[in-house]
Peer 1: 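Take this structure first; my questions come after.
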Amino acid sequence: MLSDGKYRTISADPPWRPTLNAGHPSYKAGPQRRYRTLSVREISALPVPAAKQAHLWLWVVNQHVDWGYEVARAWGFEPWNMLTWAKPGLGVGRFQCNTEHVLVCRKGPRHGNPFGPTAGTWFNWPRGRHSEKPEEFYRLVQSVSPGPYLEMFARTRRSGWDAFGDEVEGSIDL
């Protein structure tokens, strides 16, 4: 954390509250069965301890990429690019979704706040547990964006990162 209590790079995988089929009795794959979800309004209202110049890596759901743009802007960031994680195998639902997307965003001017090279926008990383992001993602973030690092809605503790989330004993409170 910087001396002012702010972070230069934040990764966030918000617990989006689904709207598509969410009330249907056979909706088994919904995240609300696994953890507490939040509305876009609730996520947007969270205080985000970002430095004046910072990067945000915001995971979004396929059905509502627009929510990511809304949240990023509410948190003071401007979406810059989108990366796609191509997961091995097929997912669930009619489209058997096997991709996830992350909006790469910037806060503050470009000068003095560059992104490093990413080697593309499409990544074929291994799949883990439900909602778990691959270690390769975190290595990419650390190679492209400056620290200090914060993971919002973390599931596990990661060396070199502060954390916030219901599923991990975090090092910060929001």
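What you see below is based on every heavy atom in this structure, not just the backbone, and it leaves out hydrogens, waters and symmetry mates.
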Peer 1: To the nearest 0.5 Å, how far apart are CZ in Phe164 and CG in Leu150?
Peer 2: 9.0 Å

Peer 1: Checking Asp162 against Tyr149: is there a side-chain donor and acceptor pair closer than 3.5 Å?
Peer 2: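 No, because no side-chain N or O of Tyr149 sits under 3.5 Å from a partner of the opposite role on Asp162.
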
Peer 1: Could you tell me which non-hydrogen atom of Ala86 sits nearest to which non-hydrogen atom of Asn124, and how far apart they are?
Peer 2: O-OD1, 3.2 Å

Peer 1: Tell me the salt bridge (Lys or Arg N to Asp or Glu O under 4.0 Å) pairs involving residues 143-153, sequence neighbours left out?
Peer 2: Glu151-Arg158

Peer 1: Search all heavy atoms of Pro49 against all heavy atoms of Pro47 and return the closest pair with its distance.
Peer 2: CD-O, 3.8 Å

Peer 1: Could you work out, with side-chain hydrogen bond (donor to acceptor under 3.5 Å, both in side chains) as the rule, every residue matching Thr156, not counting sequence neighbours?
Peer 2: none

Peer 1: Sequence neighbours left out, what passes ring-ring contact (aromatic ring centres under 6.0 Å, His included) with Trp67? Give chain and number order.
Peer 2: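 Only Trp16, His64 meet the ring-ring contact (aromatic ring centres under 6.0 Å, His included) criterion with Trp67.
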
Peer 1: Heavy atoms only: give me the nearest Arg127-Gly89 pair and the separation to one decimal.
Peer 2: NH2-O, 3.8 Å

Peer 1: For Tyr69, give me all partners under side-chain hydrogen bond (donor to acceptor under 3.5 Å, both in side chains), at least two apart in sequence or on another chain.
Peer 2: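 By the side-chain hydrogen bond (donor to acceptor under 3.5 Å, both in side chains) rule, Tyr69 matches no residue at all.
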
Peer 1: Considering all heavy atoms of both residues, which atom of Pro126 and which atom of Trp85 are nearest to each other, and what is their separation?
Peer 2: O-CZ2, 3.2 Å

Peer 1: Which atom pair, heavy atoms only, marks the closest approach of Lys6 to Ala50?
Peer 2: CD-O, 3.4 Å

Peer 1: Which residues satisfy the salt bridge (Lys or Arg N to Asp or Glu O under 4.0 Å) test with Arg139, sequence neighbours excluded?
Peer 2: Glu136

Peer 1: Quick one, Trp125 and Pro88 - any side-chain contact, counting heavy atoms below 4.5 Å?
Peer 2: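 Trp125 does not reach Pro88 side chain to side chain.
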
Peer 1: When you look at Thr121 and Thr84, which way does the side-chain contact (heavy atoms from CB on, under 4.5 Å) test go after all the steps?
Peer 2: CA-CA 6 Å; Thr121 58; Thr84 299; over 6 Å; no

Peer 1: Identify, with sequence neighbours excluded, every residue that meets side-chain hydrogen bond (donor to acceptor under 3.5 Å, both in side chains) alongside Thr118.
Peer 2: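 Applying side-chain hydrogen bond (donor to acceptor under 3.5 Å, both in side chains) to Thr118 gives none.
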
Peer 1: Mind checking what makes side chain to side chain contact (heavy atoms under 4.5 Å, CB included) contact with Ala12, not counting sequence neighbours?
Peer 2: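 Side chain to side chain contact (heavy atoms under 4.5 Å, CB included) check on Ala12 returns Pro14, Leu56, Leu58, Trp75, Met152, Phe153.
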
Peer 1: What residues form a salt bridge (Lys or Arg N to Asp or Glu O under 4.0 Å) with Lys87, not counting sequence neighbours?
Peer 2: Glu100

Peer 1: Find out whether Trp161 and Tyr138 are in side-chain contact, i.e. whether some heavy atom of one side chain is under 4.5 Å from a heavy atom of the other.
Peer 2: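 A side-chain contact exists here, since the closest heavy-atom pair is under 4.5 Å.
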
Peer 1: With sequence neighbours excluded, give me every side-chain hydrogen bond (donor to acceptor under 3.5 Å, both in side chains) pair touching residues 47-58.
Peer 2: His55-Asn113, His55-Ser145, Trp57-Ser145

Peer 1: Over all heavy atoms of both residues, which pair between Val60 and Gly68 is shortest? Give the atoms and the distance, please.
Peer 2: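 Shortest heavy-atom separation between Val60 and Gly68 comes out as CG1-CA, 3.5 Å.
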
Peer 1: Given Thr9 and Val141, is the side-chain contact (heavy atoms from CB on, under 4.5 Å) satisfied, shown in steps?
Peer 2: CA-CA 8 Å; Thr9 297; Val141 170; 3.6 Å; yes

Peer 1: Would Glu42 and Arg17 satisfy side-chain contact (heavy atoms from CB on, under 4.5 Å), going step by step from the backbone distance to the final call?
Peer 2: CA-CA 10 Å; Glu42 291 169 317; Arg17 181 170 297 145; 3.6 Å; yes

Peer 1: Please name all residues satisfying side-chain hydrogen bond (donor to acceptor under 3.5 Å, both in side chains) with Arg73, sequence neighbours left out, ordered by chain then number.
Peer 2: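 Partners of Arg73 by the side-chain hydrogen bond (donor to acceptor under 3.5 Å, both in side chains) criterion, ordered by chain and then number, come out as Glu78.
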
Peer 1: To the nearest 0.5 angstrom, please state how far the CG atom of Leu103 sits from the CH2 atom of Trp59.
Peer 2: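 Leu103 atom CG to Trp59 atom CH2 measures 11.0 Å (nearest 0.5 Å).
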
Peer 1: Taking only residues two or more places apart in sequence, or in another chain, which ones meet Asn62 in a side chain to side chain contact (heavy atoms under 4.5 Å, CB included)?
Peer 2: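 Expected list: Cys97, Thr99, His101.
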
Peer 1: Excluding sequence neighbours, so at least two apart, what forms side chain to side chain contact (heavy atoms under 4.5 Å, CB included) with Ser143?
Peer 2: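 If we apply the side chain to side chain contact (heavy atoms under 4.5 Å, CB included) test to Ser143, skipping adjacent residues, the hits are Leu140.
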
Peer 1: Before giving the answer on side-chain contact (heavy atoms from CB on, under 4.5 Å), spell out for Val104 and Phe77 the whole-Å C-alpha distance, their side-chain angles and the decisive distance to 0.1 Å.
Peer 2: CA-CA 9 Å; Val104 182; Phe77 289 85; over 6 Å; no

